[in-house]
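Report on the structure given below.
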Amino acid sequence: MRQITVLMIGLGRIGGKFYNQFTALDESRVKIIAVSEPNMSNPLLADAEKRGIKNYPSYEEAIREYGSKIDIIMDTSNRPELKLAVRKMLQETNNQHTVLVPMVVDYLMWYLLPDAEAIPQSHHSNIGY
């Protein structure tokens with residue numbers, strides 16, 4: 001089985017649940033190689049540090065450092081303009097390997113989590129990207 005490497009952008013209510021699910025999996029399957037959480041008081045950052053997962057408050061720095069070593073970027077910020085900026089950065093760096101998870105797939109994966117409550121739709125109306 002191939003290991004999937006993940007950069008997580010945002011460890012809030014939604015990203016935190018995904019973080020907990022991913023870190024519960026065997027690292028030979030899914031490995032979070034970095035997180036980007038600007039809120040330095042987020043309690044999950046202490047757990048990430050214990051696991052050797054570096055936090056990059058600026059996601060751009062993480063993308064520059066890891067490049068195509070990232071298989072998947074999971075952005076749970078719920079901000080379409082951030083997804084557009086990440087996509088643009090991947091194009092500008094000619095990174096044709098890394099996949100940015102579309103917002104609609106974030107929702108699909110959310111629905112698969114145990115005890116997943118409804119996600120508020122306050123930031124946007126188009127969930128495609």
Side-chain angles (χ1 to χ4, degrees):
M1 192 171 287
R2 184 185 181 287
Q3 181 188 62
I4 299 170
T5 57
V6 179
L7 164 62
M8 295 199 63
I9 300 176
L11 295 178
R13 184 173 66 89
I14 294 169
K17 280 201 176 197
F18 282 121
Y19 174 88
N20 288 329
Q21 288 294 310
F22 292 159
T23 56
L25 296 172
D26 188 307
E27 271 195 14
S28 66
R29 294 180 178 204
V30 176
K31 180 177 182 178
I32 299 173
I33 59 172
V35 296
S36 178
E37 174 53 60
N39 176 5
M40 300 307 285
S41 63
N42 184 311
L44 289 176
L45 290 179
D47 182 76
E49 186 176 346
K50 285 180 199 171
R51 294 174 185 274
I53 301 170
K54 188 172 178 183
N55 179 38
Y56 295 83
S58 165
Y59 68 87
E60 296 97 338
E61 186 181 347
I63 292 172
R64 276 192 288 278
E65 182 164 326
Y66 289 97
S68 61
K69 293 177 185 168
I70 305 167
D71 292 322
I72 294 173
I73 297 175
M74 182 144 196
D75 164 34
T76 59
S77 70
N78 208 16
R79 295 174 36 217
E81 69 276 8
L82 197 144
K83 283 203 187 288
L84 289 173
V86 169
R87 235 185 264 112
K88 183 178 178 186
M89 186 173 186
L90 292 173
Q91 289 174 338
E92 289 172 351
T93 59
N94 199 30
N95 182 336
Q96 297 179 12
H97 172 79
T98 303
V99 175
L100 173 62
V101 176
M103 208 166 284
V104 70
V105 177
D106 287 341
Y107 280 81
L108 173 64
M109 292 173 58
W110 179 262
Y111 296 149
L112 296 173
L113 291 176
D115 304 320
E117 68 269 12
I119 302 174
Q121 299 296 309
S122 59
H123 295 287
H124 57 85
S125 58
N126 178 359
I127 67 164
Y129 293 104

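Numbering starts at 1 and runs along the sequence shown.
For Ser58, the side chain to side chain contact (heavy atoms under 4.5 Å, CB included) test picks out Glu60, Glu61, with sequence neighbours left out. Evaluation of the side-chain hydrogen bond (donor to acceptor under 3.5 Å, both in side chains) rule for Tyr56 yields Glu65 as partners, not counting sequence neighbours. Scanning for side-chain hydrogen bond (donor to acceptor under 3.5 Å, both in side chains) contacts around Gln96 gives Asn94, with sequence neighbours left out. Gln91 meets the side-chain hydrogen bond (donor to acceptor under 3.5 Å, both in side chains) test with no other residue; sequence neighbours excluded. Qualifying salt bridge (charged side-chain N to carboxylate O under 4.0 Å, His left out) partners for Lys50, counting only residues two or more places apart in sequence or in other chains: none. Not a single side-chain hydrogen bond (donor to acceptor under 3.5 Å, both in side chains) links Glu49 to another residue, sequence neighbours left out. Under the side chain to side chain contact (heavy atoms under 4.5 Å, CB included) criterion, Pro38 pairs with no residue at all, not counting sequence neighbours.
Leu108 belongs to no hydrophobic cluster, as no Ile, Leu, Val, Met, Phe, Trp or Tyr side chain comes under 4.5 Å of its own. With side-chain heavy atoms closer than 4.5 Å counting as contact, directly or through intermediates, Val99 stands alone and belongs to no larger hydrophobic cluster.
Leu100 is connected to Ile63 through a chain of hydrophobic side-chain contacts under 4.5 Å among Ile, Leu, Val, Met, Phe, Trp and Tyr, so both are in one cluster. Connection of Val6 to Ile14 is established within a shared hydrophobic cluster, with ILVMFWY side chains joined at heavy-atom distances below 4.5 Å, either directly or through further cluster members. Leu82 and Tyr66 fall within a single hydrophobic cluster, where Ile, Leu, Val, Met, Phe, Trp and Tyr side chains are chained together by heavy-atom contacts under 4.5 Å.
Judged by distance alone, with hydrogens and angles left aside, the side-chain atoms of Lys54 form no donor-acceptor pair with the main-chain N or O of Ile33 at under 3.5 Å. A donor-acceptor pair is defined here as one N or O able to donate and one able to accept, closer than 3.5 Å; such a pair exists between the side chain of Lys83 and the backbone of Asp75. For Asn42 (side chain) and Leu11 (main-chain N/O), a donor-acceptor pair under 3.5 Å exists by modelled atom type.
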Donor-acceptor contacts under 3.5 Å from residues 22-30 side chains, at least two apart:
residue: Thr23; atom: OG1; partner: Tyr19; partner atom: O; Å: 2.9
residue: Thr23; atom: OG1; partner: Asn20; partner atom: O; Å: 3.3
residue: Asp26; atom: OD1; partner: Ser28; partner atom: N; Å: 2.7
residue: Asp26; atom: OD1; partner: Ser28; partner atom: OG; Å: 2.8

Just distance, no hydrogens or angles: give the donor-acceptor pairs under 3.5 Å from side chains in residues 67-74, sequence neighbours left out.
residue: Asp71; atom: OD1; partner: Arg2; partner atom: NH2; Å: 3.0
residue: Asp71; atom: OD1; partner: His97; partner atom: NE2; Å: 2.5
residue: Asp71; atom: OD2; partner: Arg2; partner atom: NH1; Å: 3.0
residue: Asp71; atom: OD2; partner: Thr5; partner atom: N; Å: 2.8
residue: Asp71; atom: OD2; partner: Thr5; partner atom: OG1; Å: 3.2

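The salt bridge (Lys or Arg N to Asp or Glu O under 4.0 Å) analysis of residues 90-100, with sequence neighbours excluded, yields the pairs Lys88-Glu92.
Here the CD1 atom belonging to Ile53 is positioned 10.0 Å from the CG atom belonging to Leu44, to the nearest 0.5 angstrom.
Looking only at side-chain heavy atoms (C-beta outward), Asn55 and Met40 come within less than 4.5 Å of each other. When side chains are defined from C-beta on, Met89 counts as touching Arg64, because their heavy atoms get closer than 4.5 Å.
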(request) Apply the test side chain to side chain contact (heavy atoms under 4.5 Å, CB included) to residues Phe18 and Thr76: give CA-CA distance (whole Å), side-chain angles for both, the deciding distance (0.1 Å), then the verdict. (result) CA-CA 9 Å; Phe18 282 121; Thr76 59; 3.9 Å; yes
